[in-house]
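Lettering of chains follows the sequences in order, A, B, ..., and the numbering in each one begins at 1.
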2 protein chains.
Amino acid sequence: MVPRLPAASVTVDLVVLTIRDRALHVLLVERGIEPFAGAWALPGGFVLADEDLDAAAHRELAEETGVASGIHLEQLRTYGAPGRDPRGHVVTVAWLALAPDLDEPAAGSDAAGARWWPMDAVARGDVALAFDHAAIVADGLERARAKLEYSSLAAAFCPPEFTVAQLRAVYEAVWGVAIDPRNFHRKVTGTPGFVEPTGGTIAEGAGRPARLFRRGPTDALHPPLTRAQS
Amino acid sequence: MVPRLPAASVTVDLVVLTIRDRALHVLLVERGIEPFAGAWALPGGFVLADEDLDAAAHRELAEETGVASGIHLEQLRTYGAPGRDPRGHVVTVAWLALAPDLDEPAAGSDAAGARWWPMDAVARGDVALAFDHAAIVADGLERARAKLEYSSLAAAFCPPEFTVAQLRAVYEAVWGVAIDPRNFHRKVTGTPGFVEPTGGTIAEGAGRPARLFRRGPTDALHPPLTRAQS
DNA sequence: CGAATAGTGTCTTTAAGACAATATAGA
DNA sequence: TCTATATTGTCTTAAAGACACTATTCG
């Protein structure tokens, strides 16, 4: 460290998204200490000395969800407005995590409480969020919505084996629109490398059993799935 | 500042791109001091105490290019690997700037030297870059390439009034492909809000004079321009 | 069997890509 | 005139969206 240079504290904050009950949810923790004690906040914490940013994000993710692998994690954006933290100059590197439906947050969390909140309530402003976390959540939501269009990221919301209907439910939950099941099926199975059949099938209640798929090798969708559907 | 928390220095680095002689160029400065004295680096510097990140980026951009307005600037990604700066834990917030063809870098620059480098030479590794700046340049290039597809960002490389051919030259330079002028013209002028005719025309050498356009209000392109062209 | 969901086939519309043809300048 | 670039039009092909129809399960 060069002593005469201005220094700041660096944190990571996580926008962890999942699909529960066919709706998008975001993981929030209730703050136990000041500032913003009692308010809800994104899980996160300070980057340790000589710790890489993605290592810090993975560490916080494991601490909060109890799950270390199988969760998509990508850097979202960095926020450093002077007044964003009353404790001083704190720069936070925000990350976006997409997870399949997990259990309730791990009891080992260091926060007073942690729970999944429906995204529509959070986006509507029904939940009081600490710091500038409302803006971070909004940015994370927009990133997720955009990336579903031109990448195979939707599979990150699904377990290792999933049906086309499950994948479609991801798009419907994140975009908030209804998608024609038949055209979606044709599009998904017709895009090389998007999904691969495992050979198995699964019956969920009534109806013909659905074939199971796993994620394919392709990350970019050509041509993309457009958001302007009926 | 909370004294007992690990602190880091925070910098901003700029990937400034422009089109010169129908080729993509990136602005680099020659380092005058250690570490990496004599090597080329991205323009940038330390974020001042209580300075917002985008304010720091704008400040550095103005210092290096002498231009304060009319340049697109967006946050790219933040890099904080422990060993990336031998002086200690330095976290850098990288920004992507897209500019129309500017003059040679401002003489007021605090670097030993500053010049535009052809991107293909830099991407090929012909230029020795300091720190992890080669990776940052690669990320900036990929961001620019991707955003041309689904946004009207290409106009950020053009002066306020431009021709369709100039806009096409941007795509050809950034993507490194040849694009059919006729289909491109139809696509660009047929996408509502992408470009708006100013009414004027301009003759550049031989051939029919081209109509002049300015940037339209639309930022997102629906449907996108796909990169997989002939 | 009827209801429900999975998956296929077909038609229409939209847009991309190839490329002929026309418009308007300079040499 | 010839050449070069701009712009429009036309044709073919790919893919989205609407939707009829078949397949397979459960109650």
Side-chain angles (χ1 to χ4, degrees), chain A residues 22 148-150 152 154 158 161-172 175 177-214 218 220-230, chain B residues 22 148-150 152 154 158 161-172 175 177-214 218 220-230:
Chain A
R22 309 187 75 82
L148 289 203
E149 290 197 72
Y150 54 89
S152 62
C158 298
E161 298 201 348
F162 53 88
T163 67
V164 175
Q166 278 180 279
L167 193 65
R168 178 165 47 87
V170 170
Y171 279 89
E172 294 184 325
W175 285 349
V177 298
I179 299 174
D180 186 287
R182 299 158 294 185
N183 292 335
F184 183 81
H185 190 284
R186 193 159 34 80
K187 170 73 183 178
V188 166
T189 56
T191 301
F194 191 176
V195 297
E196 292 175 338
T198 66
T201 60
I202 189 171
E204 299 178 278
R208 173 175 170 175
R211 284 154 65 194
L212 283 168
F213 294 85
R214 70 172 67 88
T218 300
L221 260 40
H222 279 298
L225 266 150
T226 60
R227 222 186 305 190
Q229 301 204 36
S230 61
Chain B
R22 309 187 75 83
L148 289 203
E149 289 197 71
Y150 53 89
S152 62
C158 298
E161 299 201 348
F162 53 87
T163 67
V164 175
Q166 277 180 280
L167 193 66
R168 179 165 49 87
V170 171
Y171 279 89
E172 294 184 325
W175 285 349
V177 298
I179 298 174
D180 186 288
R182 299 158 294 184
N183 292 334
F184 183 82
H185 190 284
R186 192 159 33 82
K187 169 73 183 180
V188 166
T189 56
T191 301
F194 191 175
V195 297
E196 294 175 336
T198 66
T201 60
I202 188 170
E204 298 178 279
R208 173 174 170 177
R211 284 155 66 194
L212 284 168
F213 294 84
R214 71 172 68 88
T218 299
L221 258 42
H222 279 297
L225 264 150
T226 60
R227 221 186 303 192
Q229 302 205 38
S230 60

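- Going from atom CG of B:Leu167 over to atom P of D:dT7 covers 12 Å, rounded to whole Å.
- In this structure, B:Trp175 and B:Leu148 approach most closely via the heavy-atom pair CZ2-CB, 3.8 Å.
- As rounded to whole Å, 19 Å separates atom P of D:dA14 from atom CG of A:Leu221.
- Rounding to whole angstrom units, CD1 of residue A:Ile179 and P of D:dC19 are separated by 17 Å.
- At whole-Å resolution of the value, CG in B:Asp180 and C1' in D:dT7 are 12 Å apart.
- Side chain of A:Thr218 to main chain of A:Ala220: no donor-acceptor pair is present (N/O by atom type, distance under 3.5 Å, no hydrogens or angles).
- Contact detail for A:Val188 and A:Leu167: the closest heavy-atom pair is CG1-CD2, 3.9 Å.
- Distance CZ (A:Arg227) to P (D:dG17): 14 Å, rounded to an integer number of Å.
- C:dA16 atom P lies 13 Å from atom NE2 of B:His222, rounded to whole Å.
- Summarising the geometry of B:Gly190 relative to B:Pro192, their closest heavy-atom pair is O-CD, 3.4 Å, with the distance given to 0.1 Å.
- In this structure, the side chain of A:Thr163 engages the main chain of A:Gln166 through a donor-acceptor pair within 3.5 Å.
- Using modelled atom types, one side-chain atom of A:Glu172 and one backbone atom of A:Ile179 make a donor-acceptor pair closer than 3.5 Å.
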Identify the pairs formed between an N or O of the protein and an N or O of nucleotides 3-6 of chain D at a distance under 3.5 Å, and give each distance.
from	atom 1	to	atom 2	distance (Å)
D:dT5	O2	B:Arg208	N	3.1
D:dA6	O4'	B:Arg208	O	3.4

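- Atom CG of B:Leu225 and atom C1' of C:dA15 are 12 Å apart (whole Å).
- Residue A:Gly205 is classed as a sugar-phosphate contact, given heavy-atom separations below 4.0 Å to backbone atoms only.
- By the 30° and 60° cut-offs, the orientation of the rings of A:Phe213 relative to A:His185 is perpendicular.
- In the set C:dA21, D:dA16, C:dG17, the nucleotide with an atom closest to the side chain of B:Asn183 is C:dG17.
- The base of D:dA15 does not come close enough to the side chain of A:Arg186 for any donor and acceptor atom to sit less than 3.5 Å apart.
- Between A:Lys187 and D:dA15, a side-chain N or O to OP1/OP2 separation shorter than 4.0 Å is absent.
- An OP1 or OP2 oxygen of C:dG17 is reached within less than 4.0 angstrom by a side-chain nitrogen or oxygen of B:Thr226.
- Atom CD1 in A:Ile202 sits roughly 17 Å away from atom C1' in C:dG7 (whole-Å rounding).
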